[in-house]
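We name chains A, B, ... by the order of the sequence lines, and we start the count at 1 in each one.
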Amino acid sequence: MTAGPATGAPAVEAIDVTRVYSLEGVEVQALRGVSIRIDEGEYVAVVGPSGSGKSTLMHLLGCLDRPTSGVLRIGGREVAELSGNELAALRNSRVGFVFQSFQLLARTTAVDNVALPLVYGGVGRKERRERAVQALTAVGLAHRLGHRPAQMSGGEQQRVAIARALVTDPQVLLADEPTGNLDSRSGGEVMAILERLNAERQVAVVLVTHDHEIAERARRQVYFRDGLIERDTGAA
Amino acid sequence: MRFREAFGAAFDALRANRLRSALTMVGVIIGVASVVMLVAIGSGAKQEVEQQVEGLGSNLILVVPGEFSFGSAPAVSRLKLDDVDYLGRVVGDRQAVAATVTSSEEVRVGTRSEYVTVSGTNENVPLVFDRPLARGRYLSAGDVATRRRVAVLGSEIATTVFGDLDPLGRQISVAGVRFRVIGVFAPLGSAFGVSRDKEVDVPVTAAQRLFGVDRIDALAIKAPTVDSVDELQGRLVAALEQKYPGQKFSAVTQTQILGTIGTILGLLTLVLAAIAGISLLVGGVGVSNIMLVSVRERTREIGLRKALGARQQDILLQFLIEAVLLTSIGGLIGIGIGVGAALLANTFTSLPAAVAWWSIALAFGVSVGVGVFFGVFPARRAGRLDPVVALRTE
Ligand SMILES: Nc1ncnc2c1ncn2[C@@H]1O[C@H](COP(=O)(O)OP(=O)(O)OP(=O)(O)O)[C@@H](O)[C@H]1O
Ligand SMILES: [Mg+2]
């Protein structure tokens, strides 16, 4: 199907995936048969009008949700066959999420926010801190370790969130409108970090954005419309 | 996730909502404090009554006419004064049998008077019961035989009617009849705020005339040894039923009385604890309620934790620990207050509160249990939240 420019092994793969929501008897088809393959080290921008199913796809790729039909594989394992705990373990180790609204724990310092996935990964206290400090250093926040979210700018908060997504060394980083709440300058910083991480660490990045300038900078663009992929520049 | 992290997260959440946590705990605190305090009062009462029954003497058997039961007045009496001698021969020691016939009568000296229990007894009382005298002498065989109008006063009634005067040799009037004071008991103290030092003892013969009766309410027998008590108990009843064919008599031993009192007061303590337990339950409902609010408020946090790899049981554990922390901290504070209140009651009131260690362990165990029981529902709800839906929540 797709030929990734990077290492070539599929990090996540969806084959004819649908997702139907039932709201009080009314069925909403958020995804109506989507096939997409993200290879290791790829950098993909997902664009499309509001309500076209971009976030729904991200949730599926990140094991937060299961498809109504179709096949979904993460790191070669089929999601339908996994238990809830196995899905949680996959989310923990293979996927990193970055949300539009940062989603940091308000009462918790930057280091502890970043270390949180390691807590669920069963990593010891000392190692958690070391790795969290490393991740924060990688996003240029070595001087903000003890700060709480309220004491940081939006751009800094999103960088903390990126560090948190990164700390478990995932294969895929799923960023749903990561710059949506940021001004253009901090948005630019965040994008630069994502691009650098993708280049340096070979972590695949899937990025949902409404900003065409940002989308154009990605090697591959996937256009969504009405729950279907309209165009995929990476598809063969 | 390890227990320690779940504990840390739960503790942080409680600390972030200090006031709310504290208010939620109040219900549990009140429940636990009242359990501990009421049980302390109950067991204190039991201890005190038991001490008093034991303090009466040793190896005692009480013989009453009819079926023996606590709380009911003796049935139409068929015990007579000559049964003292009769049972004395059964025991093999006439001095081991004390007789009583009692009535509440007015005791008066000049203008001072009070209604007290007047007991008609015989000269054997000091040999059967442990009841030392402070002054003078007790009733003698001669006093009883000649129906002499002499009296031995409890220490408190002596003070009430005579003030600072020495009562020995002075006259008192009992139900309008004059008696001469020949002795004063040593103080016994009070039980539950009721003084035990207001009794007046007069010769049983004089009492019978005074009350207008020829019955004896009860006979108290002191068995020669501990081992002979049970055997003697049966023989006394048999002897009386032989003497009065067709009539019924009962004998209870000190041990049986202690057992009955123990059962009654134990039950009372349990009932008190159960009533207090209800408030603990109400406290538990409050915890459940606040935990549901907490789960709702932190829906996004739960969604995030799940997105980062938390399993259902990790979330469940975190919220369950939060609920158990609430109730167990509340429980500890409640225990502190309960013990404190019991000690205060002991020091400043006549309530003989005795803190029972089992009630502390129980109260703490129950508060932990309440936390688990009332925390499980909100915690499960948290654990089951759909992460996608949770993350969208505002
Ligand atoms: N939990 C849900 N229950 C019901 N319908 C839902 C749910 N989540 C999404 N939908 C519907 O599915 C469709 C796709 O939603 P989705 O969030 O994927 O869109 P999107 O492309 O991310 O839009 P946006 O750019 O506004 O974020 C929409 O019509 C939405 O209303
Ligand atoms: Mg979206």
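- Inter-residue side-chain proximity for Tyr120(A) and Asp314(B) is flagged as met; some heavy-atom pair is nearer than 4.5 Å.
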Item to check | Criterion side-chain contact (heavy atoms from CB on, under 4.5 Å) on Arg305(B) and Leu116(A), from CA distance to verdict | outcome: CA-CA 8 Å; Arg305(B) 287 178 183 270; Leu116(A) 192 55; 3.7 Å; yes
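- Atom-to-atom distance recorded for Leu64(A):CG and Leu391(B):CG is 6.5 Å, nearest 0.5 angstrom.
- Between Arg300(B) and Ser101(A) the shortest heavy-atom distance is NH1-OG, 3.9 Å.
- Proximity to chain B is absent for every atom of Val167(A), based on heavy atoms less than 4.5 angstrom apart.
- Neither the backbone nor the side chain of Arg94(A) comes within contact range of chain B, judged by heavy atoms closer than 4.5 Å.
- With values rounded to the nearest 0.5 angstrom, Ser55(A) atom OG is found 6.0 Å from Arg392(B) atom CZ.
- In this structure, the side chains of Leu304(B) and Arg164(A) come closer than 4.5 Å at one or more pairs of heavy atoms.
- Residues Ala310(B) and Ala88(A) approach most closely at O-CB, 3.8 Å, considering heavy atoms.
- The environment of Arg66(A) atom CZ is dense: over 12 non-hydrogen atoms of other residues, nucleotides or ligands sit within 6.0 angstrom.
- Here the straight-line distance linking atom CZ of Arg311(B) with atom OG of Ser83(A) works out to 10.0 Å at 0.5 Å rounding.
- Here Ala307(B) is the residue among Pro387(B), Ala13(B), Ala307(B) with the most heavy-atom pairs under 4.5 Å with chain A.
- Ranked by heavy-atom pairs under 4.5 Å with chain B, the list Gln103(A), Arg107(A), Arg125(A), His59(A) is led by Gln103(A).
- Within a 6.0 Å radius of CZ in Phe11(B), no more than 12 heavy atoms belonging to other residues, nucleotides or ligands are found.
- Summarising the local packing, CZ of Arg20(B) is surrounded by more than 12 heavy atoms from other residues, nucleotides or ligands at distances under 6.0 Å.
- In this structure, no portion of Ser93(A) lies under 4.5 Å from any heavy atom of chain B.
- Rounded to the nearest 0.5 Å, atoms CD (Gln312(B)) and CG (Leu87(A)) are 12.0 Å apart.
- Interatomic distance, Leu104(A) CG to Glu301(B) CD, rounded to the nearest 0.5 Å: 12.0 Å.
- The number of heavy-atom neighbours closer than 6.0 Å to CZ of Arg380(B), taken from other residues, nucleotides and ligands shown, is 12 or below.
- Asp12(B) CG to Thr108(A) OG1: the interatomic distance, rounded to the nearest 0.5 Å, is 6.5 Å.
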